[in-house]
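Reviewing the structure listed below.
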Amino acid sequence: MARHAKVLATAAACAHGRGAQVLAELESLTAELNGMAGPGRVLLLMIRSNHMLVLNSEGRYGEAEAEGLDILRDLTRLKHLAPVWHVELCVLDNLVDALCGQARYEEAEAIARGNLPRAERGTVAALHCGLVRSLNGQGRYDEALTEARRFAPHWDRGLSGSLGLGTAVALHGLGRRSEAETAVREALTDCERFLHPDHPRIREARTLLARITADEPPAPTAEETALD
């Protein structure tokens, strides 16, 4: 029970942006459970999935990808022994983020689209946000905005501001600056309300807001100039 409590505590810390603070504990738990079989093996892979989340938040995307691929291989061997689909979807969501972090947006889109139909609740929301991010990364802003507004995902505190950021990026890419500013301010408010102050999404939102507000307004058209 104590071990499970540690796993839950570290998972909550990772989700809310305090992953760097529990990185050593995650690595300690991984070493402690390494080599275990059955349910202990599933628990180990859950911990390693959280470790992926921390690596992504630290910008260590290549390491996160390598760990994710290794976890997926392990999960393939466990599927006939224990239900692991939820862990698998969490790993795939982290893999989408790792690929986006390396600007491999088409690969990220394929993973997100391919797994959304079998996802549920929180994993639907996470993969949906990853899909929007992958579309934005490819400059497909109309598609990203349509996808972002397609449905209201299951609320998850750890995803606070994520979809709003994707919406803001799409609007900014389409040249709709005032709407983009409104969207990113709302996303930043959500992040500051529900996430730890060190969460990387807060920095991302502030950076995007600075970029949007620094943009010069579009030059007036000839017709607008004539009216003046």
Side-chain angles (χ1 to χ4, degrees), residues 14-15 45-46 48-57 59-79 83-174 176 179-180 183-184 187 190-191 200-201 204-205 208:
C14 292
L45 298 181
M46 290 172 60
R48 292 184 64 195
S49 176
N50 289 329
H51 189 245
M52 275 185 78
L53 183 62
V54 178
L55 292 174
N56 278 332
S57 70
R60 296 161 61 180
Y61 301 114
E63 294 174 66
E65 179 191 4
E67 181 145 24
L69 294 175
D70 189 56
I71 297 170
L72 290 173
R73 284 190 289 269
D74 217 339
L75 285 169
T76 299
R77 295 190 288 269
L78 282 174
K79 282 182 178 179
V84 294
W85 65 269
H86 182 72
V87 179
E88 182 182 19
L89 286 170
C90 289
V91 172
L92 289 167
D93 172 52
N94 288 330
L95 187 57
V96 168
D97 287 343
L99 291 170
C100 284
Q102 298 174 77
R104 290 159 58 187
Y105 298 109
E106 291 183 2
E107 294 173 70
E109 179 191 358
I111 292 173
R113 283 195 189 280
N115 290 282
L116 267 169
R118 67 190 183 101
E120 295 181 0
R121 297 173 67 80
T123 51
V124 172
L127 287 168
H128 181 242
C129 290
L131 176 58
V132 171
R133 184 180 178 190
S134 71
L135 293 170
N136 277 328
Q138 296 173 68
R140 293 158 59 186
Y141 301 118
D142 274 317
E143 292 176 68
L145 185 60
T146 298
E147 187 64 41
R149 293 176 168 175
R150 185 167 62 85
F151 75 105
H154 169 75
W155 187 83
D156 186 311
R157 179 173 177 173
L159 291 172
S160 296
S162 184
L163 192 58
L165 274 176
T167 301
V169 171
L171 288 166
H172 189 225
L174 293 168
R176 294 159 62 175
E179 293 175 77
V184 75
D190 283 346
C191 289
R201 198 173 302 134
E204 184 182 351
L208 179 58

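This structure is a prediction, so every number in the text was calculated from the model and none was measured.
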Check your understanding: Taking all non-hydrogen atoms of both residues, which atom of Pro200 and which atom of Ser57 are closest, and how far apart?
Key -> CG-CB, 3.8 Å

Exercise for review: Specify the closest pair of heavy atoms between Glu88 and Leu75, including all atoms of both residues, with the distance to one decimal.
Suggested key: CA-CD1, 3.6 Å

Practice item. Let me see the working for Val184 and His172 under side chain to side chain contact (heavy atoms under 4.5 Å, CB included), right down to the final yes or no. Key: CA-CA 10 Å; Val184 75; His172 189 225; over 6 Å; no

Review point. Looking at residues at least two apart in the chain, or sitting in another chain, which of them share a side-chain hydrogen bond (donor to acceptor under 3.5 Å, both in side chains) with Asp190?
Key: none

**Study point:** Rounded distance (nearest 0.5 Å) linking atom CG of Asp97 with atom CG of Leu92
**Key:** 11.5 Å

Check your understanding: Atom CD1 of Ile111 and atom CG of Leu89: how far apart are they, to the nearest 0.5 Å?
Key -> 12.0 Å

Check your understanding: Checking side chain to side chain contact (heavy atoms under 4.5 Å, CB included) against Val91, which of Val96, Val84, Ile71, Leu53 comes through?
Key -> Ile71

Practice item. Rounded to the nearest 0.5 Å, what's the gap from CG on Asp156 to CG on Leu163? Could you check? Key: 12.5 Å

Practice item. Taking side-chain contact (heavy atoms from CB on, under 4.5 Å) as the test, write out the residues that go with Glu106, two or more places apart. Key: Gln138

Revision key, fill the gap. The side-chain contact (heavy atoms from CB on, under 4.5 Å) partners of Ala144 (sequence neighbours excluded) come to Val132, Leu135, Asn136, Ala170

Practice item. Answer yes or no: is there a side-chain heavy-atom contact under 4.5 Å between His51 and Leu55? Key: yes

Practice item. First locate atom CD of Glu147, then atom CZ of Arg113, and finally report the distance between them rounded to the nearest 0.5 Å. Key: 6.0 Å

Exercise for review: Please step through side chain to side chain contact (heavy atoms under 4.5 Å, CB included) for the pair Leu208 and Val169, ending with a clear verdict.
Suggested key: CA-CA 8 Å; Leu208 179 58; Val169 171; 3.7 Å; yes

Check your understanding: Has the side chain of Arg201 got a donor or acceptor atom that lies under 3.5 Å from a matching backbone atom of Ser160?
Key -> yes

Review point. Rounded to the nearest 0.5 Å, how far apart are OG of Ser162 and CD of Glu204?
Key: 7.5 Å

Exercise for review: Could you walk me through whether Asn115 and Arg118 pass the side chain to side chain contact (heavy atoms under 4.5 Å, CB included) test, one step at a time?
Suggested key: CA-CA 6 Å; Asn115 290 282; Arg118 67 190 183 101; 3.0 Å; yes

Check your understanding: side-chain contact (heavy atoms from CB on, under 4.5 Å) with Asp70: which residues, sequence neighbours excluded?
Key -> Arg48, Arg73

Exercise for review: Using the test side-chain hydrogen bond (donor to acceptor under 3.5 Å, both in side chains), find all partners of Ser49 that sit at least two apart in sequence or belong to another chain.
Suggested key: Asn94

Check your understanding: Just wondering, do Glu120 and Trp85 contact through their side chains at under 4.5 Å, heavy atoms?
Key -> yes

Point to revise | Residues in side-chain contact (heavy atoms from CB on, under 4.5 Å) contact with Glu65, at least two apart in sequence or another chain | key: Leu69, Leu95, Ala98, Leu99, Gln102, Arg104

Check your understanding: For Ala126 and Leu159, which heavy atoms make the closest approach, and how far apart are they?
Key -> N-CD1, 3.6 Å

Revision key, fill the gap. Here the gap from Arg176 atom CZ to Thr167 atom OG1, rounded to the nearest 0.5 Å, amounts to 10.5 Å

